[in-house]
Amino acid sequence: MAKTTSVPKPQGRSRIGNGKDLLPGVNGRSATMRRYREIYAQLVRDMGGDPSEAKSIIAKRSATLAIWCEDVEATMANGGELDIGEFTTATNALRRLLTDIGLERKARDITPTLEQYLRQNHGEAA
């Protein structure tokens, strides 16, 4: 007989799984983490606001690579060295990840449920 997996109750999920943290054990107030949250949130909005777990994971990896590329670019702009091979590899990986989640923005579905529609327009619940 095949085993089925069930979705854990909210209290049984990890802080990452229930949305309280994006990364384990990271101070959310650092400049890098603020930028990470900013990029990740924009990627989620670009996907329509409710990505699958797989797309969310890809968006997190994309945010990580985007921050790394920004740091390397800032170092170069301040006169530092740039390893073009490492940078090219990272930007190509980032492009592939972004292609996987979609480069075009998707509209968020704001269609109300039948219950919401009835409540808004007729003052009654289904």
Taken in chain and number order and not counting sequence neighbours, the residues that satisfy side-chain hydrogen bond (donor to acceptor under 3.5 Å, both in side chains) with S62 are none
Those residues at least two apart in sequence (or on a different chain) that pass side-chain hydrogen bond (donor to acceptor under 3.5 Å, both in side chains) with Y40 are S56
query: Charged N to carboxylate O below 4.0 Å: is that the case for E38 and R34?
result: no
Identify each donor-acceptor pair in which a side-chain atom of residues 63-73 lies under 3.5 Å from a protein atom, sequence neighbours left out, and give them as a table.
{"from": "T64", "atom 1": "OG1", "to": "K60", "atom 2": "O", "distance (Å)": "3.1"}
{"from": "E70", "atom 1": "OE1", "to": "R35", "atom 2": "NE", "distance (Å)": "3.1"}
{"from": "E70", "atom 1": "OE2", "to": "R35", "atom 2": "NE", "distance (Å)": "3.4"}
{"from": "E70", "atom 1": "OE2", "to": "R35", "atom 2": "NH2", "distance (Å)": "2.6"}

D50, CG atom: more than 12 neighbouring heavy atoms under 6.0 Å: no
Here the pair of heavy atoms bringing L43 nearest to A59 is CD1-O, 3.5 Å
Between Q42 and R45, do the side chains contain a donor N or O and an acceptor N or O under 3.5 Å apart?
yes
Contacts under 3.5 angstrom, residues 93-101 side chains, donor-acceptor by atom type, not counting sequence neighbours:
{"from": "R96", "atom 1": "NH1", "to": "N92", "atom 2": "O", "distance (Å)": "3.4"}
{"from": "T99", "atom 1": "OG1", "to": "R95", "atom 2": "O", "distance (Å)": "2.8"}

Contacts of M33 meeting side-chain contact (heavy atoms from CB on, under 4.5 Å) (sequence neighbours excluded), chain-then-number -> L22, L23, V26, S30, Y36, R37
Between the CD atom in E86 and the OG1 atom in T91, the distance rounded to the nearest 0.5 Å is 11.0 Å
